[in-house]
Chemist: 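Provided herewith is a single structure, encoded as structure tokens, for subsequent inquiry.
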Amino acid sequence: MTWSLLLAVASAGPSVESGWALYRVGDYGGASALAAGELEKDPSSMGWQRLYARSRARIDGDRAVIGQYRRWLADAPDDPGRRVLLADTLAGAWRFDAAWCDEIEQLLAVTPTDADTRFWTHAVRHWVRTRRCRGDADADAAQAIALSSEVDGGASLALPIAIEDGIDAGEAEWIRYALGEEPALLGRLVPVFEASGPGASKAQKAVLKAARDAMSGDLPALYAAAEVLEAAGDPRANEADARLAAIHPDPHRFGFAREISRARRHADPMRALAQVDALAPRLPDDPEVRARFHTARGDLLRKAGDLPGATAAYKAAWQATPEHAERANFFAYHATLSASDLEDALQAATAAVRGFQSERFDDRPWAGETFEEWRVRSAERVGEALDTRGWALHLLGRDADALPDLLQASRLVDVPVIDLHVGFVLTALGDPDAAAVHLARGTRERDPGELPTVERGWKALRAWWADAGLWHAGGLEGWVADVSGEPPPAAQLTDPSDLVGRTLPEVAVLVAGQPVVLSEVKGPAVVDVWATWCRPCIEALPEVERLAGKYPNVRFLAVSVDDKPTAVDAFFEGTQRPAVPLGWWNAEDSPYELLGIAGVPSLFVVDRDNRVAAYLLGADVNRLGAAVEAVARTAE
């Protein structure tokens with residue numbers, strides 16, 4: 001840590017940090033209005049742009065803001081600042097799947113020349129790499145810290161990064177000085193109480209003193225004080241919670257709800273889930289708190305890859321507060337993703353549509369929101385709920401009922417996946433020509449989580465194109481580009497079935513500390529690409545092990561894509577390791593890019609000619625057993 005950071009706090013950090021203080025207490029309208037005012041003076045400020053984007057995402061929803069920043073980037077696709085802001089907006093959506101990580105890495109691959117954008121590039125990349133994505137987070141941390149003194153608001157973000165590896169005496173003095181210059185930094189300093197190092201005790205005392213002083217401050221100061229006092233185990237945390245509950249518009253954010261928030265913070269979703277579940281015996285009867293508990297469980301299960309479990313948790317959250325339109329729609333949306341609980345999903349989506357339609361401008365929860373902003377946000381929320389209900393009706397086989405909802409949704413909100421839904425329903429209703437137009441428009445979808453839906457749309461378009469007898473100089477892709485106004489990236493034209501018939505790439509993975517080249521794994525063989533944080537992967541391992549015992553003439557290899565090889569050892573510590581050989585992805589390039597996969601678990605069944613005979617995305621153990629039996633017979 002350099003002492004030049006002191007000047008950065010005094011000269012640049014306060015105004016941006018005061019906006020984040022509003023954000024932390026839930027005043028997203030106030031935070032976005034403050035950021036918008038500052039951006040009128042200096043539109044190039046990345047610090048204010050970031051606050052504005054994150055605040056609007058909380059008001060309008062992640063999807064709406066991500067779409068806005070995608071369109072903004074499309075106007076200048078090589079602009080490093082716009083690329084960083086889209087990457088940061090994606091990071092704020094907390095997806096943590098392979099395609100999500102890959103898109104953020106690609107956005108940040110352009111090296112900016114100015115210090116401001118370079119700082120935010122490293123800061124965003126450090127944030128996602130410390131949570132799930134592969135890469136050298138330590139190198140990004142060092143670069144962000146080095147650049148922070150040159151950046152508006154950079155010091156406040158660099159401080160939590162800097163103390164991750166401990167606090168020395170100089171950093172402790174910096175923290176004490178910084179709090180005196182900018183009290184709003186207090187909200188950033190909760191990690192001090194988990195830090196080590198020779199200066200940790202001194203820093204903790206300084207932060208604790210500042211928190212006690214802030215007890216008599218305004219709402220943002222009191223909120224930051226409560227966070228710090230709780231992290232420090234100070235008994236005055238109860239007093240702070242009581243004061244907050246008396247003055248804050250949402251008193252449920254305090255007390256037990258704070259315990260839920262603290263329990264879910266662990267970067268490993270399974271460990272965080274265990275911490276949240278440990279609170280269940282003390283869960284109060286308050287419906288709002290129970291809903292937050294189940295929502296936290298759902299978010300963590302979703303990050304761990306357990307979509308059915310997440311859907312069940314979101315259902316419990318909706319049932320705890322059935323009048324809550326957002327929770328109703330959230331459950332219904334995830335139920336349609338997993339094609340489960342569809343009748344309940346239809347009921348919830350209907351409740352969400354009614355709830356959003358009944359909202360009035362005077363009911364708006366965000367101060368400073370204009371009528372036009374509310375009107376746009378309200379229309380989008382109704383449109384998304386109509387899309388969810390329409391898709392639930394489609395999955396229930398009620399396409400004639402689904403079509404009006406989906407068409408109205410497409411008019412209310414410009415989300416390409418809704419066009420895909422309209423296209424699928426029109427296809428089911430026997431109108432392939434009209435369906436093709438909507439499917440073509442749907443290919444504009446760029447959300448990594450919707451990639452399977454986009455691929456399904458392309459399959460339907462190829463079938464239609466083959467029957468339609470049309471001609472275009474650019475083929476089907478050229479026709480789609482004309483209809484949609486935006487050609488899809490080449491990566492989204494890849495069909496997973498194209499992986500069949502290929503050989504595995506010439507990439508070395510580590511097995512028992514020794515390199516093994518995948519293309520040289522002699523078939524028949526099964527290569528299971530998995531991760532310790534992926535619940536479907538864990539559930540598939542016993543079946544992989546059973547098949548390995550049943551077919552001794554088939555080679556089996558389970559390759560982990562965890563950040564470190566020690567993650568596998570830690571995962572199986574105290575339990576019996578699988579008999580299947582365990583490897584670790586040791587290549588610099590992403591396994592998703594080199595293998596051409598969309599996620600894990602991905603299982604490749606290789607024949608005796610070393611070509612992929614079958615590829616399975618997900619824990620489909622029945623198809624896996626049939627595929628392994630087929631290649632085993634060829635080796636007899």
Side-chain angles (χ1 to χ4, degrees), residues 26-29 56-65 67 249-253 257 286-299 302 310-338 340-367 369-396 398 401-415 417-418 421:
D27 186 1
Y28 308 122
R56 295 311 308 180
R58 298 303 297 266
I59 296 173
D60 303 328
D62 290 321
R63 176 183 286 184
V65 176
D250 182 8
H252 291 103
R253 295 188 64 172
D286 187 296
E288 177 65 21
V289 175
R290 297 181 76 86
R292 294 188 182 208
F293 170 81
H294 292 300
T295 299
R297 292 193 75 253
D299 292 345
R302 180 163 53 93
T311 301
Y314 292 140
K315 180 179 179 179
W318 163 58
Q319 290 175 330
T321 53
E323 74 290 347
H324 198 293
E326 289 184 356
R327 290 189 182 121
N329 190 54
F330 206 61
F331 154 62
Y333 170 73
H334 284 89
T336 60
L337 287 181
S338 60
S340 61
D341 285 330
L342 291 177
E343 290 291 350
D344 285 338
L346 179 58
Q347 180 184 348
T350 300
V353 171
R354 291 172 179 167
F356 290 141
Q357 288 177 334
S358 66
E359 288 183 355
R360 297 294 179 263
F361 178 58
D362 291 340
D363 300 331
R364 66 199 187 285
W366 294 288
E369 186 178 33
T370 66
F371 177 79
E372 181 60 24
E373 290 173 334
W374 170 83
R375 187 191 64 78
V376 172
R377 179 172 63 84
S378 179
E380 289 177 344
R381 282 149 62 98
V382 172
E384 290 176 358
L386 284 167
D387 174 49
T388 303
R389 186 170 71 178
W391 195 238
L393 286 165
H394 165 70
L395 294 175
L396 287 166
R398 297 169 55 182
D401 295 328
L403 186 59
D405 274 357
L406 293 172
L407 288 174
Q408 185 179 356
S410 68
R411 290 190 289 267
L412 288 173
V413 56
D414 182 20
V415 176
V417 74
I418 298 178
H421 291 166

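Both backbone and side-chain heavy atoms feed into the values below; hydrogens, waters and symmetry mates do not.
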Chemist: Looking at every non-hydrogen atom in both residues, tell me the closest pair between L395 and T336 and how far apart they are.
Modeler: CD1-O, 3.5 Å
Chemist: On a heavy-atom basis, which atom in A409 and which in G383 lie closest, and how many Å separate them?
Modeler: CB-O, 3.2 Å
Chemist: List the atom of G298, the atom of A310, and the distance in Å for their closest heavy-atom pair.
Modeler: O-CB, 3.3 Å
Chemist: Is the side chain of Y333 donor-acceptor paired with the backbone N or O of A385 at a distance under 3.5 Å, no angle test?
Modeler: no
Chemist: Of all residues at least two apart in sequence or in a different chain, which pass the side chain to side chain contact (heavy atoms under 4.5 Å, CB included) check with L403?
Modeler: L407, V422, V425, L426, L429
Chemist: Supply the atom-to-atom distance Q347 CD to L342 CG, rounded to the nearest 0.5 angstrom.
Modeler: 13.0 Å
Chemist: Got a second to check how far L346's CG is from T388's OG1, nearest 0.5 Å?
Modeler: 11.0 Å
Chemist: Would you name the heavy atoms of F331 and D341 that are closest together and state the gap between them?
Modeler: CZ-CB, 4.1 Å
Chemist: Nearest 0.5 Å, what's the CG-CG distance between D405 and L386?
Modeler: 5.0 Å
Chemist: Enter the distance from L337:CG to R302:CZ here, rounded to the nearest 0.5 Å.
Modeler: 9.5 Å
Chemist: Quick check: closest heavy atoms across T311 and S340, and the distance to 0.1 Å?
Modeler: CG2-OG, 4.0 Å
Chemist: Once you round to the nearest 0.5 Å, how far does CZ of R389 lie from OG1 of T350?
Modeler: 4.5 Å
Chemist: Looking only at heavy atoms, what is the nearest atom pair of N329 and E384, with distance?
Modeler: OD1-O, 4.1 Å
Chemist: Go through it in stages, so that I can follow the logic: the residues are H334 and K315, the test is side-chain contact (heavy atoms from CB on, under 4.5 Å), and I'd like the CA-CA distance, side-chain angles, deciding distance and then a yes or no.
Modeler: CA-CA 9 Å; H334 284 89; K315 180 179 179 179; over 6 Å; no
Chemist: Can you give me every donor-acceptor pair (side chain of residues 317-324, partner residue at least two apart or in another chain, under 3.5 Å) with its distance?
Modeler:
{"from": "T321", "atom 1": "OG1", "to": "A317", "atom 2": "O", "distance (Å)": "3.2"}
{"from": "T321", "atom 1": "OG1", "to": "R327", "atom 2": "NH1", "distance (Å)": "3.2"}
{"from": "H324", "atom 1": "ND1", "to": "R327", "atom 2": "N", "distance (Å)": "3.2"}

Chemist: For the atom pair CG (D299) and CZ (R292), what is the distance rounded to the nearest 0.5 Å?
Modeler: 12.5 Å
